[in-house]
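The structure under discussion appears below in the form of structure tokens.
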Amino acid sequence: MLCLFPLSRLAMNTESADRNARHTARMARKKSLIDAAIDAATDERGLLLVITGNGKGKSTSAFGTMARALGHGMKIGVVQFIKSRTDTGEEAFLGSQPGVEWHVTGDGFTWDTQNREQDIATAGRGWAIAARMLTDPSFNLVVLDELTYLLNDGYLDRDAVLDALAGRPPMQHVIVTGRAASGALIELADTVSIIADEKHAFRAGVKAQPGIDL
Ligand code: ATP
Ligand code: MG
């Protein structure tokens, strides 16, 4: 029945005490489930992360993780495929940190270069650097930024790339970024995030902003 009068203070206190008790019981159940899941996760090994999707935040997620790894004193290799610019904030800041080896190996997007043979040769040079890192256990983390495009366009031998990723040193972490990650890459990965494109300032006419986009 609809109550037309304000609840008495006693009724309000009782309701709030009930609510608090239900919350405490719910949180206790949740905590025991989460604690059990944490206790069950006992493996320690190098992980393959794939950050894909059409939304903004793939490379910056990789570089954020890289900052976290640097905080642990890790040695990190970065290969930026496709992109040719060397004036980005991430390279200026992260590339100059001790323990970081940073390579920008691209010539630009295919619609800029308009030269498939050149793109394939450039991809091969970039991949040679990445392949070397993927056999060197002294690298704790390897970031392969925009690698997916080279796999999807057939500029690199897909099986060779997947084999190199699968056969890397067991404790080495790898992050692959780029749109449209293939099913085989997703299958091989341990952690996959697909960033959705809900809105982007570029479509409202805003040019790439230093500190946000480069
Ligand atoms: P970021 O480096 O900012 O994390 P990203 O790696 O997710 O972006 P890329 O496709 O590599 O995305 O594009 C890099 C550049 O393109 C960035 O300047 C980014 O802001 C911009 N960009 C990313 N997604 C979009 C989008 N959906 N529409 C327009 N511009 C985008
Ligand atoms: Mg990117």
Side-chain angles (χ1 to χ4, degrees), residues 47-71 76-97 100-114 116 118-120 122-127 129-131 133-134 139 141-156 158 161-162 164-165 173-186 188-214:
L47 299 175
L48 174 59
L49 279 71
V50 172
I51 320 277
T52 189
N54 291 337
K56 170 183 161 52
K58 298 175 289 296
S59 298
T60 44
S61 168
F63 297 135
T65 306
M66 182 176 166
R68 178 177 274 176
L70 278 171
I76 302 169
V78 177
V79 183
Q80 288 196 289
F81 298 94
I82 309 280
K83 286 178 185 163
S84 54
R85 63 188 310 161
T86 56
D87 59 349
T88 61
E90 56 264 30
E91 184 176 359
F93 184 69
L94 295 170
S96 61
Q97 299 299 314
V100 173
E101 190 181 318
W102 191 290
H103 299 269
V104 177
T105 65
D107 287 330
F109 289 99
T110 48
W111 55 87
D112 287 326
T113 61
Q114 301 172 12
R116 187 174 153 82
Q118 179 191 316
D119 290 344
I120 290 173
T122 306
R125 281 195 297 276
W127 176 249
I129 298 169
M133 291 173 171
L134 293 173
F139 284 99
L141 169 65
V142 177
V143 176
L144 304 175
D145 191 32
E146 321 297 348
L147 177 68
T148 57
Y149 302 99
L150 306 185
L151 292 177
N152 295 346
D153 291 346
Y155 289 2
L156 294 175
R158 278 170 225 179
V161 170
L162 292 171
L165 288 170
H173 302 300
V174 176
I175 306 178
V176 173
T177 80
R179 294 179 191 205
S182 67
L185 187 58
I186 285 175
L188 185 64
D190 299 286
T191 297
V192 178
S193 298
I194 303 179
I195 299 185
D197 178 20
E198 190 70 30
K199 234 177 158 184
H200 195 291
F202 178 70
R203 292 198 290 278
V206 183
K207 68 191 274 196
Q209 296 294 294
I212 298 294
D213 296 302
L214 68 147

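Just follow the structure's listing: the first ligand is 1, and inside any ligand the first atom is 1. The analysis underlying the following values was restricted to heavy atoms, covering all of them including side chains, and did not include hydrogens, waters or symmetry mates.
- Taking the side chain as every heavy atom from C-beta outward, Leu165 and Leu185 approach each other to under 4.5 Å.
- For Glu91 (side chain) and Asp87 (main-chain N/O), no donor-acceptor pair under 3.5 Å exists by modelled atom type.
- Residues meeting the side-chain contact (heavy atoms from CB on, under 4.5 Å) test with Asp213, sequence neighbours left out: Lys56, His200, Ala208, Gln209.
- Proximity of His200 to ligand 1, defined as any heavy-atom pair under 4.0 Å, is confined to the side chain (atoms from C-beta onward).
- Within ligand 1, counting atoms from 1 as listed, the ones closer than 4.0 Å to a heavy atom of Glu146 are 11 (O).
- For the atom pair OG (Ser182) and CG (Leu188), the distance works out to 9.0 Å, reported to the nearest 0.5 Å.
- One option in Lys56, Gln209, Lys58, Lys199 has a heavy atom closer to atom 12 (O) of ligand 1 than any other, and that option is Lys58.
- In this structure, the protein non-hydrogen atom closest to atom 8 (O) of ligand 1 is Gly57 N, 3.7 Å.
- Backbone or side-chain N, O or S atoms of Asp145 do not reach the Mg ion (ligand 2) at under 2.8 Å.
- When distances from atom 14 (C) of ligand 1 to the protein are checked, a heavy atom turns up under 4.0 Å.
- Dense packing is recorded around CD1 of Ile186, with more than 12 heavy atoms of other residues, nucleotides or ligands lying under 6.0 Å away.
- Between atom CG of residue Leu141 and atom CE of residue Met133 there is a gap of 10.5 Å, rounded to the nearest 0.5 Å.
- Closer than 4.0 Å to atom 5 (P) of ligand 1 lies at least one heavy atom of the protein.
- Of all N, O or S atoms in Glu146, the one lying closest to the Mg ion (ligand 2) is OE2.
- Counting heavy-atom neighbours within 6.0 Å of Ile120 CD1, excluding the residue itself, gives a total above 12.
- Contacts of Asn54 with ligand 1, taken as heavy-atom pairs under 4.0 Å, involve the backbone alone.
- Summarising the geometry, atom NZ belonging to Lys207 is positioned 10.0 Å from atom CG belonging to Leu214; distances are rounded to the nearest 0.5 Å.
- In this structure, the side chains of Val78 and Phe63 come closer than 4.5 Å at one or more pairs of heavy atoms.
- Near Asp213, with a cut-off below 4.0 Å to any heavy atom, the atoms of ligand 1 are 17 (C), 18 (O), 19 (C), 20 (O).
- Assignment of Gly55 to the shell around ligand 1 is supported, since a heavy atom sits closer than 4.0 Å.
- The distance from the OG1 atom of Thr148 to the CD1 atom of Ile51 is 11.5 Å, given to the nearest 0.5 Å.
- Distances below 4.0 Å separate heavy atoms of Arg203 from the following atoms of ligand 1: 27 (N), 28 (N).
- Of the heavy atoms in Ser59, both backbone and side-chain atoms come closer than 4.0 Å to ligand 1.
- Distances below 4.0 Å separate heavy atoms of Asp197 from the following atoms of ligand 1: 27 (N).
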Query raised in the report: Step by step, would you call Arg179 with Asp197 a salt bridge (charged side-chain N to carboxylate O under 4.0 Å, His left out)?
Result: CA-CA 11 Å; Arg179 294 179 191 205; Asp197 178 20; over 6 Å; no
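- Residue contacts to the Mg ion (ligand 2): Thr60 brings no N, O or S atom closer than 2.8 Å.
- Close N/O approach between Leu214 and ligand 1 is not found [any backbone or side-chain N/O within under 3.5 Å].
- For atom 24 (N) of ligand 1, the closest non-hydrogen atom of the protein is Arg179 NH2, 3.3 Å.
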